[in-house]
Amino acid sequence: MLKVLLFVIMLGLPVAGFAQDDWQQTYRQLSDVEDVESEQWEEAFELLSDLEREPIDINSASREELEALPFLTDQQVEEIMAYRHRHGELLTPAELQMIRSLDYAQRQLLLQFISFGQRAPKTTWPRLDSLLRWGKQEVTASLRVPFYQRRGDRNGYLGYRYRHTVRYKFRCGQRLQFGLTGAQDAGEPFMAEGNWLGYDHYAWYLVARQLGRIETLAVGQYRLSFGMGLVMNGGFSLGKLTTLQNLGRTANAIRANSSRMESGYLQGVAVTVDVGGRRSTLNAQHSTLNPPHLTLTAYASLRPIDATLNSDGTAATLLTSGYHRTPAEMQKKHNMTQTDAGLHLDFRRGGLRLGATAAYTHLSRRLQPDTKAIYRRHYPAGTDFLNAAVDYHYLSHRLSLNGETAIDGNGALATINSVGYQPSGTLSVMALQRFYSYRYAALHARSFAEGSRTQNESGLYLGATWKPLHRLQLSAYTDLAYFAWPKYLVSQSSYAWDNMVSGTYTRRNWTLMARYRLHLRQRDNKDKTTLLNRTEHRGRLTFSATVSPGVTLYTQADGVRTDFNSTDFGLMVSQRVNAEIKGIKIAAGVGYFHTDSYEARLYLYEQAPTYQFSFPMLYGEGLRYWLLARARPIDQLTLTAKLGVTNYFDRATIGTDKQLIDHSSMTDLDLQVTYKF
């Protein structure tokens, strides 16, 4: 029945209503395999889901709040601030057309995260009556029901096979936020086997802003970002296309951690204090400078973490997956603690911004990775880690300079620097250079890199975006990286070369996008005597169109070819639709995939309930199809259900070890209830 319904919808039969594509589709076009496989992508979805649920008031938003939107450039942030300064409040979405650096697609994306409505008074801190008047509360409960059993569900996992999450949020504008999240992965025990407080993981926070000289105060779990991430970055970076779009923009921020992810956050207190000057608006069109403004951010954190232990009680690896499904995984849960403290000083005057960071981390057990494998020889080791950095930023109407240089407690260096230039409204170019010593160690670092670590890499990235026609945008980059020390699967110095070109043509009711990527990496041959090139070609062609007032269709073809020890091909053709039928929003999709191996794997974007990440990895041959429905029976209540099915044509089982499913197909049902009051 589901197949029939899906294909009927795909045919574009007339339905009533209007369905506009969401921000997920736009950001999905900025992804590639490395991004989707990274924890950062899931963190990005949770953050942007939060922003979508609680839009920023465009008229009262601070510069830091606008900088939280990663698709905006420095110039665009400043132009929004300058427009407000000169013309007052923006009253309608149409006024965004006056921000000349925002094109049509960016305006539509921005509208997903901002509001123009009534807001709480800014003159005084909210009293109890103000909290009751302006405060908004939301409870969201999510449940995933698998219609299959894994081997671990029958023998091995401590809990049942259902994944569920509960979130509570309170917000009074942007000035006061409180939240609590309880999360349980499939297979983890609930109120048993060590989880006596119920959920396996809790995230909680209280964030207050504009408390006199205190700009931001966070208590509980929070994430920090300083400079370009060489010392501290609990935020996210979505890869090389996003870097090209925002021209390498930096952001210093404290934000709440409401994620079900069990990594990347701190737990304790963080505060940003105005210690000199008053922040004002920069006139981006003239040379008017802001008065000097100096802020100090201080933080202290103590949190338990997971680790794999050596026989002598030291820690071999720090774990970030958060899985506690088996007795062995449960023994690794919170078996050591991590203490963090640090300061960040930030000075701004006009387009100039300077910062300095000092960070200290102490582990309750010594970190001692296994160095028998040569690529682990310089992994972080010890109990105490000290890092210091300076970051620098300069912005003019057309030029943007960003950089950070850091040093660790052993004197190892890391530096990253970028320059972005916009000679006209139709062309922007950027260059980014980085050097991360193979001895550099920073446990909270996360910056632009070809590899997965901010270590053992130097490289040069060049990119450009050009709009030769009003409706046509072309983007391209090339990135050459060198690794001085051996890496996993590479026993000597090596390099990688990544190239991409993309074009998007947009008319009022349809869009055509084409992309090609060539990615070359070096790997050991079978005897580890020499390096061979692993070459990967990926292509994507996407067509989207609003075919009637209520139906939007998305058709996509993905192809991949990899050459290493063998040549492997992969192809996927997919179709997706958004519609609204009698007040019920419908999204559905189907994709046929055929790949030679895991090396040629592909990913299919799917819409999902709020806060959930859905990019299933597909290889072999089969069919993936799904249907999502969202309804609001009353204004305060939203009900969402999604059914997803994967049918494989080339295998009798799915997965391995405890994740093994003794069928050629798998079906999951996601249910979500959200109540606002």
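Positions are given from 1 along the sequence. Note that the structure is a prediction, hence the values are computed from the model and not measured.
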Assess the side chains of [X] and [Y]: does a donor N or O sit below 3.5 Å from an acceptor N or O?
X: Q672; Y: D670; answer: no
X: Q575; Y: T555; answer: yes
X: N195; Y: E193; answer: no
X: Y199; Y: H164; answer: yes
X: R576; Y: Q607; answer: yes
X: N233; Y: S225; answer: yes
X: T361; Y: D340; answer: yes
X: Y168; Y: E138; answer: no

*Is it true that D153 and R161 have a side-chain N and a carboxylate O under 4.0 angstrom from each other?*
no

Validation row: [X], [Y] side chains within 4.5 angstrom (heavy atoms):
X: N257; Y: Y205; value: no
X: V577; Y: Y554; value: no
X: R601; Y: L618; value: no
X: Y162; Y: F190; value: no
X: Q177; Y: R209; value: yes
X: P189; Y: M330; value: yes
X: T674; Y: V139; value: no
X: R163; Y: Q184; value: no

Which residues pass the salt bridge (charged side-chain N to carboxylate O under 4.0 Å, His left out) test with [X], not counting sequence neighbours?
X: D200; value: K333
X: D185; value: R260
X: E262; value: none
X: R365; value: none

*Near-ring test F615/Y603, centroid separation under 6.0 angstrom*: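 They do not qualify: ring centres at least 6.0 Å apart.
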
*Decide if the gap between the ring center of F677 and the ring center of Y675 is smaller than 6.0 angstrom.*
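Yes, close enough.
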
_According to side chain to side chain contact (heavy atoms under 4.5 Å, CB included), who are the partners of L671, at least two apart in sequence or on a separate chain?_
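Here the qualifying residues are A641, L669.
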
*What residues, two or more places apart in sequence or in another chain, satisfy side chain to side chain contact (heavy atoms under 4.5 Å, CB included) together with D596?*
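D568, F569.
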
*asked:* According to salt bridge (Lys or Arg N to Asp or Glu O under 4.0 Å), does anything in residues 632-649 pair up with another residue at least two apart or in another chain? List the pairs.
replied: E606-K642

*Does anything in residues 652-668 pair up under salt bridge (Lys or Arg N to Asp or Glu O under 4.0 Å), and if so which pairs, sequence neighbours excluded?*
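Listed once each, the pairs are R154-D662.
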
_Given 3.5 Å as the limit, does a donor-acceptor pair link the side chain of D306 with the main chain of H334, or not?_
yes

*asked:* Ring of Y611, cation from R167 - is the NZ or CZ under 6.0 Å from the centre and inside 45° of the axis?
replied: yes

Partners passing side-chain hydrogen bond (donor to acceptor under 3.5 Å, both in side chains) against [X] (at least two apart in sequence or in another chain):
X: S664; answer: none
X: S258; answer: D50
X: Q331; answer: none
X: Y323; answer: none

*asked:* For L197, I'd like to know if atom CG has over 12 heavy atoms of other residues, nucleotides or ligands within 6.0 Å.
replied: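 Not more than 12 within 6.0 Å, no.
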
_Straight-line distance of T542 OG1 to Y605 OH, nearest 0.5 Å_ = 12.0 Å

*When rounded to the nearest 0.5 angstrom, what is the spacing between OG1 in T646 and CZ in F593?*
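Rounded to the nearest 0.5 Å, the OG1-CZ separation comes to 6.5 Å.
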
*Over all heavy atoms of both residues, which pair between R630 and P609 is shortest? Give the atoms and the distance, please.*
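The pair with the smallest heavy-atom distance is NH2-CA, 3.9 Å.
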
